[in-house]
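Atoms within a ligand are numbered from 1 in the order they appear, just like the ligands themselves. Starting from 1, each residue takes its place in the sequence as its number.
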Amino acid sequence: MPATASTTASTWPTDLVIVGATSAIAENCTRLWLEGGASRALLIGRDEAGLDRIATDLRVRFPAAAINTSVTDLLDVPSITSAVQGFAGPGTPGAAAGAGLTVLIAHGSMTDQAESQADLAKAASVLQVTGVSPSLWMEACADTMTAGTIAVLGSVAGDRGRRKNYIYGASKGLIERMAEGLQHRLAASPLNVVLVKPGPTATPMTAGMPASGLAPVSAVAADIVKGVNAARPVVYAPIKWQVIMTVVRLIPRPVFNRLDF
Ligand SMILES: NC(=O)c1ccc[n+]([C@@H]2O[C@H](COP(=O)([O-])OP(=O)(O)OC[C@H]3O[C@@H](n4cnc5c(N)ncnc54)[C@H](OP(=O)(O)O)[C@@H]3O)[C@@H](O)[C@H]2O)c1
């Protein structure tokens, strides 16, 4: 899917819904959106203590903003349906926010490829948490929201399957096809879908990786917020990954198969 510039003008959200709000990338994005003037944030996740810690911090930093939390099983279909109805269904503040509502879907898990290959249950969990669940959140949002923006954290890992992380990469590839299809379906509507593709970023997910190859999470979040506000269909963060992954995608298969990365 090409990372084209959108014709939509940049809009700063008034209302935020963050799914997987304990993610370090999501937390940094939430902070930036609130700094820029968003007035309400609903933080959704599975970890009550983690959500409370982030909400408390945000309430201190942004006393004028309304910060709420919701402990939700992110993988459970009825829970997804009811959560989305609760924040974007008819009569909710989210529905009233219209174009001012931005939903960021951020959760995912990256198990070691060798572990996922050796244990199908682990592979199933990565695919479920990182691919299927975010896709269902996107679908539920698209079926409920009438305006605003649905943003989802994919990854550069979804751009081409590689022996070192294709199970995680496949789940991000699923997100990409979902985002692409929803963008096609909603092309004539005021509801935007933004696929974000971060490169390797310094967060708890990448703890243990060499720091030199990781972008600072604050810089990645700034690129994400800018791209989501502009409703760009695809946002690479940092932008250099757009060039790198274009080259990676173009490497002919016989050459690619000899590369060990
Ligand atoms: N860091 C990177 O290099 C990088 C690069 C590209 C894309 N991404 C993507 O960016 C997103 C955020 O990652 P991050 O770097 O911010 O990592 P992170 O801080 O480790 O956040 C991971 C998030 O996923 C949630 N999660 C993990 N397993 C879950 C499960 N079984 N059920 C529900 N929620 C679960 C975590 O919730 P808990 O707090 O409850 O565990 C947390 O909110 C992910 O989708 C990731 O794939 C990250």
Would you mind checking which non-hydrogen protein atom is closest to [atom], with the distance to 0.1 Å?
{"atom": "atom 23 (C) of ligand 1", "result": "S23 CB, 3.8 Å"}
{"atom": "atom 7 (C) of ligand 1", "result": "G154 O, 3.2 Å"}
{"atom": "atom 38 (P) of ligand 1", "result": "T22 OG1, 3.4 Å"}
{"atom": "atom 47 (O) of ligand 1", "result": "Y168 OH, 2.6 Å"}
{"atom": "atom 12 (C) of ligand 1", "result": "A106 O, 3.2 Å"}
{"atom": "atom 5 (C) of ligand 1", "result": "G199 O, 3.4 Å"}
{"atom": "atom 19 (O) of ligand 1", "result": "A24 N, 2.9 Å"}
{"atom": "atom 14 (P) of ligand 1", "result": "T203 OG1, 3.6 Å"}

Side chains of H107 and S23 only: does a donor on one sit below 3.5 Å from an acceptor on the other?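 No pair is found: no donor N or O on one side chain lies under 3.5 Å from an acceptor on the other.
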Distance only, no hydrogens: is a donor on one side chain within 3.5 Å (strictly under) of an acceptor on the other, for T201 and T203?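 No.
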For the 3.5 Å polar cut-off, considering only N or O atoms, please tell me whether I25 and ligand 1 meet it.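 Yes, I25 has an N/O under 3.5 Å of an N/O on ligand 1.
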Salt-bridge contact [X]-[Y] (side-chain N to carboxylate O under 4.0 Å):
{"X": "R61", "Y": "E35", "answer": "no"}
{"X": "D143", "Y": "R185", "answer": "yes"}
{"X": "D159", "Y": "K172", "answer": "no"}

Side-chain ([X]) to main-chain ([Y]) donor-acceptor, under 3.5 angstrom:
{"X": "T92", "Y": "F87", "result": "yes"}
{"X": "S70", "Y": "T72", "result": "no"}
{"X": "D76", "Y": "S79", "result": "yes"}
{"X": "R46", "Y": "G20", "result": "no"}

Quick check on contacts: which atoms of ligand 1 are under 4.0 angstrom from a heavy atom of [X]?
{"X": "T206", "result": "1 (N), 2 (C), 3 (O)"}
{"X": "P200", "result": "3 (O)"}
{"X": "K172", "result": "9 (C), 44 (C), 45 (O), 46 (C), 47 (O)"}
{"X": "L74", "result": "33 (C), 34 (N)"}
{"X": "D47", "result": "40 (O)"}
{"X": "G20", "result": "43 (O)"}
{"X": "P204", "result": "19 (O), 20 (O)"}

Would you please test L182 and M138 for side chain to side chain contact (heavy atoms under 4.5 Å, CB included) and show each step? CA-CA 8 Å; L182 287 171; M138 291 167 77; 3.8 Å; yes
Option with minimal heavy-atom separation from atom 26 (N) of ligand 1, where the choices are A26, S125, S109, G108: G108
From the candidates M110, R46, H107, K197, the one that places a heavy atom nearest atom 31 (N) of ligand 1: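 Shortest heavy-atom distance from atom 31 (N) of ligand 1: R46.
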Which bit of V129 gets closer than 4.0 Å to ligand 1, counting heavy atoms only: side chain, backbone, both or neither? side chain
Other residues, nucleotides and ligands only: do more than 12 of their heavy atoms fall within 6.0 Å of CD on E115? yes
Quick check: do V220 and P238 have side-chain heavy atoms less than 4.5 Å from each other? yes
